[in-house]
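Down below is the structure, laid out as structure tokens.
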Amino acid sequence: MINAHKILFDTVQQALAQVYNISNPVITFQKTRKEFEGDLTLVTFPFIKETKKSPEQLGQELGEYLVKNNTNVSAFNVVKGFLNISLTNQFWLGYFNAVKDSVTIGYKKENSSGKTIMLEYSSPNTNKPLHLGHVRNNLLGFSVAQILKANGHKVIKANIINDRGIHICKSMLAWQKFGNGETPASSGLKGDFFVGKYYVLFDKENKKQIEELIAVGKTKEEAEKKSLLMLEAQDMLRKWEAGDKEVVDLWKTMNGWVYEGFAVTYKTLGVDFDKMYYESNTYLLGKEIIEEGLKKNVFYKKENGSVAIDLSGEGLDEKIVLRSDGTSVYITQDIGTAIERFKEFPQLSQLIYTVGNEQDYHFKVLFKILEKLGYAWAKECYHLSYGMVELPEGKMKSREGTVVDADELIDEMLATATATTKELGKVDDFNEEEFKELNKTIGLGALKYFILKVDPKKKMLFDPKESIDFNGHTGPFIQYTHARIRSVLRKAAFDFERGEAKVEMSAIEKELVKFIYDFEGVVAESGTAFNPALVANYIYEVTKLYNRFYHECPILKEEDENIKIFRLQLSKLCAQAIANAMNLLGIVVPEKM
RNA sequence: GGUCCCGUAGCUCAGCUGGAUAGAGCACAGGUUUUCUAAACCUGCGGUCCUUGGUUCGAUUCCAAGCGGGAUCACCA
């Protein structure tokens with residue numbers, strides 16, 4: 001791999017050592033800002049103390065040294081303390097020729113790092129359909145998995161389904177009481193929406209009962225605990241845990257409906273999993289670990305019989321890990337499943353949890369406990385925390401009906417895409433299936449890009465009234481650019497791929513080559529930061545630049561054969577980079593749109 | 001109250017480990033098509049980078065305090 005930074009680094013280091021006697025300097029290059037002449041810039045301020053030179057003088061001397069001693073350096077200029085270095089056309093052309101036919105541009109070789117990473121994401125409850133918050137989770141998880149793979153890691157995508165607990169019993173109970181044998185098939189409802197309907201119904205009926213109890217003089221707290229429906233739901237949970245056949249059968253049936261619904265949404269979103277976990281299988285895990293931890297004095301028994309850990313020394317609080325009746329809490333099974341996974345996959349080098357930032361504290365506690373239990377891999381556990389998706393009126397709340405359903409949102413995106421495609425009328429030769437497929441590609445591209453271009457850590461705002469844009473800094477813009485390049489390449493109709501480019505690149509062409517050169521670094525960075533937004537924003541810059549190039553420079557109409565071939569090759573490389581970058585975001589790019 | 005996260009243009013967001021005159025998109029005003037796809041391109045408008053101190057040759061970036069917003073601190077999951 002041709003590496004400009006490395007080439008310059010060595011010469012600068014040599015210069016500093018030989019001429020100024022500075023050993024082990026910290027040398028970092030940055031991209032030269034576009035208003036200045038040059039490719040890479042060295043800031044000379046850090047060296048002025050030791051060299052006792054003015055920034056300008058040092059820059060001048062270093063520049064001269066570079067030109068003299070490094071054949072790849074063609075020129076330099078100094079502005080204040082900034083040494084702007086230009087590399088030769090030959091160098092950039094050499095890089096271009098080396099990568100121009102690479103279909104894996106930006107990616108490292110598969111499984112080349114030797115690292116196996118388990119990445120858990122999605123992890124839904126089986127009592128309601130997926131909403132926009134889940135969409136962010138799913139897209140983020142899938143994209144980070146893609147990025148980690150592109151960094152040469154082996155990734156196991158895991159999904160742990162929260163298929164048991166009081167919330168499931170609520171839907172079950174409501175269906176039993178008010179369902180009259182209705183099914184998704186008989187009602188025409190998608191399975192997850194069907195079950196979600198009963199979850200809401202439970203809440204509604206339960207509220208009525210609570211109000212009645214309050215009217216009879218109970219306090220709000222009492223009423224919430226003692227409503228008949230709530231008691232029945234709890235009873236149902238006990239029966240489930242005891243393996244009561246009737247309850248378990250109902251549970252299987254209703255979860256089955258939900259899974260059918262989820263499968264559709266997952267397929268539409270284009271996300272998938274290598275490994276499914278179910279909490280109904282894992283919820284008892286962890287108890288024996290607590291016993292062991294008690295013996296090792298990591299935990300202690302409280303007077304009432306519950307077991308806890310004191311993390312006040314770590315700036316955290318006391319945390320209960322086992323109830324006084326001996327049953328486990330949420331974190332108990334998390335401790336158990338983590339240990340289980342490292343047993344199941346001994347080659348695992350990292351375990352990543354894609355979970356919203358409302359659980360930051362939970363994961364801090366979890367990892368700390370695992371560390372205290374003596375698991376060396378505890379420090380390789382990572383909480384991929386992301387911000388909430390908020391609506392203009394604030395947080396989404398299922399009970400208040402202020403959620404944006406994933407399926408409905410996707411449908412809306414497809415409708416917008418379809419309307420625009422029809423209006424523009426560029427693909428009238430498509431058959432119905434191709435037409436549908438294209439609009440799905442574009443609609444989902446818009447949605448995915450909209451979500452992934454934002455730094456995962458930050459909360460993001462979604463305004464349903466202002467629908468997601470298809471122009472500007474968007475997925476469709478990037479998809480469009482790709483389609484346009486492919487169109488030009490199709491029209492070229494001669495073998496432009498053969499042979500190496502031999503041209504004097506124009507400023508904008510060189511700029512494009514330089515951008516492509518950055519791709520690999522961006523992928524690496526987004527991998528270590530678990531941040532798809534870096535890829536998203538990078539490829540947007542490339543795309544924008546390409547569009548300017550497209551407008552400024554004729555390609556097929558270019559008369560100089562060498563330049564024409566180079567521009568075609570460059571276009572092809574840009575299209576490949578766009579496709580590869582978008583693939584990291586889970587976004588498909590069309591050949592035509 | 002403790003802890004954590006956030007605060008950049010009217011709106012939505014970039015700004016990597018401190019570096020040059022803080023950038024995009026949307027919106028708004030205007031322009032570009034007999035020429036490779038106008039879902040594009042170009043021009044203009046738009047800023048107390050929340051405030052105040054500190055460190056530094058240099059701070060939107062690091063530190064401290066304050067203000068504002070959010071999350072969390074369950075024998076819920």
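Quick caveat, the model's predicted, so the values are computed rather than measured. All chains are named by letter (A, B, ...) in the order of the sequence lines, taking the proteins before the strands, and each is independently numbered beginning at 1.
- Taking the charged nitrogens against the carboxylate oxygens, A:Glu241 and A:Arg164 do have a contact shorter than 4.0 Å, which makes a salt bridge.
- A salt bridge between A:Lys170 and A:Asp203 is absent, with no side-chain N of the basic residue lying under 4.0 Å from a carboxylate O of the acidic one.
- In this pair, A:Trp240 and A:Tyr283 present their aromatic rings tilted. The plane angle is within the 30 to 60° band.
- By the 5.5 Å and 30° criteria, A:Tyr540 is not stacked with the base of B:A24.
- Computed from coordinates, the A:Glu318 CD to B:G2 C1' distance equals 16 Å when rounded to whole Å.
- Taking the charged nitrogens against the carboxylate oxygens, A:Lys302 and A:Glu318 do have a contact shorter than 4.0 Å, which makes a salt bridge.
- Nearest nucleotide to the A:Pro46 side chain, out of B:G19, B:A20, B:G70: B:G19.
- Taking atom CD1 on A:Ile451 and atom P on B:C13, their separation rounds to 12 Å, with Å as the unit.
- Between A:Phe515 and A:Tyr538, the two ring planes are tilted [angle within 30° to 60°].
- Between the P atoms of B:C73 and B:U56, the separation comes to 42 Å (whole Å).
- Ring geometry for A:His473 against A:Tyr540 counts as parallel: the plane angle stays under 30°, on a 0 to 90° scale with 60° as the upper cut.
- Residues A:Tyr277 and A:Asp163 have side chains that never bring a donor and an acceptor to within less than 3.5 angstrom of each other.
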Nucleotide N/O to protein N/O under 3.5 Å, stretch nucleotides 28-30 of chain B:
none

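- B:A9 makes up no base pair with any nucleotide shown, lacking Watson-Crick or G-U wobble contacts both under 3.5 Å.
- Counting non-hydrogen atoms under 4.0 angstrom, A:Pro590 reaches nothing in the nucleic acid.
- When side chains are defined from C-beta on, A:Glu37 does not count as touching A:Asn84, because their heavy atoms never get closer than 4.5 Å.
- In this structure, A:Lys457 does not reach the B:C13 phosphate: none of its side-chain N or O atoms is under 4.0 Å from OP1 or OP2.
- Put simply, the side chain of A:Val355 does not reach to within 4.5 Å of the side chain of A:His362, judged on heavy atoms.
- Ring pair A:Tyr353/A:Phe367 is tilted by interplanar angle, where 30° to 60° counts as tilted.
- Residue A:Phe477 is in sugar-phosphate contact alone, with no base atom involved, counting any heavy-atom pair closer than 4.0 Å across all strands shown.
- Rounded to an integer number of Å, the gap from A:Asn471 CG to B:A24 P is 18 Å.
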Would you tabulate the pairs of protein nitrogen or oxygen atoms and nucleotide nitrogen or oxygen atoms of nucleotides 7-9 of chain B closer than 3.5 angstrom?
residue	atom	partner	partner atom	Å
B:G7	OP1	A:Lys458	NZ	3.4

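- Using a 4.0 Å heavy-atom criterion, one finds that A:Leu424 contacts the bases of the nucleic acid, with or without backbone contacts as well.
- Taking the salt bridge (charged side-chain N to carboxylate O under 4.0 Å, His left out) definition, one finds that A:Glu412 meets it with nothing, sequence neighbours left out.
- The side-chain heavy atoms of A:Ile485 and A:Ile578, taken from C-beta on, include a pair separated by under 4.5 Å.
- With a 3.5 Å ceiling on both atom-pair distances, B:U61 lacks any Watson-Crick or G-U wobble partner.
- In this structure, B:A40 forms a base pair with B:U32, meeting either the Watson-Crick or the G-U wobble geometry with both donor-acceptor distances under 3.5 Å.
- Annotation: B:A9 and B:A40 have their P atoms spaced 25 Å apart (nearest Å).
- Across residues 541-548 of chain A, A:Lys544, A:Asn547, A:Arg548 each have a non-hydrogen atom less than 4.0 Å from an atom of RNA chain B (numbered order).
- Candidate nucleotides B:A20, B:A77, B:C57 were compared by shortest atom distance to the side chain of A:Phe82, and B:A20 ranks first.
- With hydrogens and angles left out, the side-chain atoms of A:Asp469 and A:Thr474 include no donor and acceptor closer than 3.5 Å.
- Heavy atoms of A:Asn84 sit under 4.0 angstrom from at least one base atom.
- Nucleotide B:U56 forms no Watson-Crick or G-U wobble pair with any nucleotide shown, as no partner meets the under 3.5 Å limit on both distances.
- Among the atoms of the strands shown, none is found under 4.0 Å from any heavy atom of A:Asp325.
- Regarding A:Tyr449, its OH atom lies at a distance of 15 Å from the P atom of B:A24, rounded to whole Å.
- A salt bridge between A:Glu224 and A:Lys220 is present, with a side-chain N of the basic residue lying under 4.0 Å from a carboxylate O of the acidic one.
- A:Ile48 comes within 4.0 angstrom of no nucleic acid atom, judged by non-hydrogen atoms across all strands.
- Checking B:G47 for Watson-Crick or G-U wobble geometry (two distances, each under 3.5 Å) identifies no partner in any strand.
- Using a 4.0 Å heavy-atom criterion, one finds that A:Thr41 contacts the bases of the nucleic acid, with or without backbone contacts as well.
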**OP:** Quick one, give me the B/S/- string for nucleotides 31-37 of chain B, reading 5' to 3', where B means a protein heavy atom under 4.0 Å from the base and S means that only happens at the primed atoms, P, OP1 or OP2.
**Re:** ----SBB
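- By the 30° and 60° cut-offs, the orientation of the rings of A:Tyr550 relative to A:Tyr546 is tilted.
- Listed by residue number, A:Glu358, A:Gln359, A:Tyr361, A:Lys364 are the residues of residues 358-368 of chain A with a heavy-atom contact under 4.0 Å to RNA chain B.
- Taking 3.5 Å as the limit, the base of B:A40 and the side chain of A:Thr481 contain no donor-acceptor pair of atoms between them.
- If you check every strand for non-hydrogen atoms under 4.0 Å, A:Val454 touches sugar and phosphate atoms only.
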